[in-house]
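By convention in this document, chain letters (A, B, ...) are assigned in the order of the sequence lines, proteins followed by strands, and residues within each chain are numbered from 1. The shown structure was predicted, so the numbers you read here are calculated from the model rather than taken from an experiment.
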Protein chains: 2
Amino acid sequence: MAPGPIDKSQVPQATVPRLARYLRVLHRLEREGVPKVSSKELAERLDANAAQIRKDFSYFGEFGVRGVGYEVEYLIDQLSRCLGVSEKWKVIILGAGKLGSALARYRGFQEEGFELVGVFDSSQRVAGSDIDGVTVRPERELPEFLQENPVDIAILTVPGEVAQLVADKVIAGGVRGIVNFAPARLASVDGVFIRQVDLSTELMVVSFYLSKECSPR
Amino acid sequence: MAPGPIDKSQVPQATVPRLARYLRVLHRLEREGVPKVSSKELAERLDANAAQIRKDFSYFGEFGVRGVGYEVEYLIDQLSRCLGVSEKWKVIILGAGKLGSALARYRGFQEEGFELVGVFDSSQRVAGSDIDGVTVRPERELPEFLQENPVDIAILTVPGEVAQLVADKVIAGGVRGIVNFAPARLASVDGVFIRQVDLSTELMVVSFYLSKECSPR
DNA sequence: CAGTGTGAAGGGGTTCACAGCG
DNA sequence: CGCTGTGAACCCCTTCACACTG
């Protein structure tokens, strides 16, 4: 692959979440003190296809040594850079309900370059309370907060009915990335990346494959 | 499409989660009192392609009336049956941590034919506590519980290190479907459907598309 | 004649197979 | 000689276009 900046539109969308998974396994290998790894070994750990892994890497550069494999630490550096997790991203959570506060307390996000700088909720009841050191603020303070504290990514865990409204507010406040857990499609906006996550569909997918058949009538 | 039982392997994997989303929009239309809908109208609500929707339906039967569209209630019945959510599925949650208890309290699951019959946790501290009427039990009671109460689906929200261990236990206990939120691939087992959900990758996907570029070195 | 149902075309992603290199 | 990097084949899925029908 040619050197120089990579055109992201050339990278298959399906590749991106896989890179994140590769990175997780690589971190584990690093902790285990494994210095190098082949695409075949990685594939076994992930039960994936070795060629797939090599091709995914190839969109970004040549990270391996032919006949040998990949140096774990070097590969982690490269993939982190490709995924953009070497940068420090400022994150806020909108909606301190069940899911929102669960995510706020989740360590995993913090570990990979994401810094939770605020939690907002419309309810007066939860406002002022504290989630692992981050204060829950009333949602009406959001515009002012965004003006004073530039935020990169917003996680939406609000009810579906207000999701679009809240999304509009964070976008107006300069947020460029949204992970939406609310069961509502958000209108797309130029320059803003929106990722939809549908937890409630997951059980139905399982239900589909479990149910014996689905004959008409 | 021919009548009679449908072969699930004929249905594209990508179609299944979409059916769940169609169903959600249809339920909203039902609540709004809309009696019928065309694939074009559905497509606008979902921002999807109308032909896609029609093709997805076509794997299961002919649900519409040419020149008219689809009757909302009838379509809901048909899609529910296809997805298997007309049946009542018994669900347990393994791991009453942040995410586990958030999911346990989540109403959405209950509404679509899924019945939460148990929550289990390895910690003595949480065992005995109560989440919206469901008692959290110590994990060692799991085998006995599964013997007395047949369970269809298990939701895994345990730490990654013990996920495989816990999965083995529920499979041994007769569970045939697993939704795994733990950041660990589970070994596949014949006759058991496993769905992997990776929350921690979602932020990285956003980070990828936000970061300006990823030039080598 | 409007909107469904669907064969066929098109595109994207995965897998193969092997050339290339350490 | 072994494993990477990658063009090409393959496969799955999406989209188009239109025949079909209430």
Distance check: side-chain N/O of [X] vs OP1/OP2 of [N], anything under 4.0 Å?
X      : N      : result
Y70(A) : dG2(D) : no
S39(A) : dT4(D) : yes
S38(B) : dG3(C) : no

Let me know the distance between [atom1] of [X] and [atom2] of [N], rounded to the nearest Å.
X      : N       : atom1 : atom2 : value
K36(B) : dT4(C)  : NZ    : C1'   : 13 Å
R66(B) : dC18(D) : CZ    : P     : 17 Å
E44(B) : dG3(C)  : CD    : P     : 11 Å
E71(B) : dG22(D) : CD    : P     : 16 Å
I53(A) : dT6(D)  : CD1   : P     : 16 Å
K40(A) : dA17(C) : NZ    : P     : 17 Å
L75(A) : dC3(D)  : CG    : P     : 16 Å

Restricting to non-hydrogen atoms, name the atom on G95(B) and the atom on D121(B) that form the minimum distance, rounded to 0.1 Å.
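Distance-wise, the nearest heavy atoms are C-OD2, 3.6 Å.
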Where N180(A) and A163(A) come nearest, the two heavy atoms and their spacing:
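In terms of heavy atoms, the two residues are closest at OD1-CB, 4.5 Å.
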Please verify the inter-ring angle class for Y209(B) with F193(A); under 30° counts as parallel, over 60° as perpendicular, anything in between as tilted.
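Parallel.
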Within 45 degrees of the ring normal and closer than 6.0 Å to the centroid, is that where the cationic atom of K8(A) sits relative to F208(B)?
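The answer is yes; both the distance and angle limits are met.
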Looking at every strand, decide which applies to F57(B) at a 4.0 Å heavy-atom threshold: base, sugar-phosphate, or nothing.
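The answer is nothing, as F57(B) stays clear of every strand by at least 4.0 Å.
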Within the 4.0 Å limit for protein heavy atoms, which parts of nucleotides 9-17 of chain D are touched? Write it as a string from 5' to 3', B for base, S for sugar-phosphate only, - for none.
----SBBBB
By the salt bridge (charged side-chain N to carboxylate O under 4.0 Å, His left out) test, which pairs, at least two apart or in different chains, include something from residues 184-205 of chain B?
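For residues 184-205 of chain B: R24(A)-D198(B), R195(A)-E202(B), E202(A)-R195(B), R185(B)-D198(B).
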Please check if atom CD in Q13(A) has more than 12 non-hydrogen atoms from other residues, nucleotides or ligands closer than 6.0 Å.
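Incorrect, the count does not exceed 12.
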Report the C-alpha separation of E32(A) and R45(A) in whole Å, then their side-chain angles, then the decisive distance to 0.1 Å, and conclude whether the salt bridge (Lys or Arg N to Asp or Glu O under 4.0 Å) test is met.
CA-CA 14 Å; E32(A) 291 171 11; R45(A) 289 242 183 185; 3.0 Å; yes
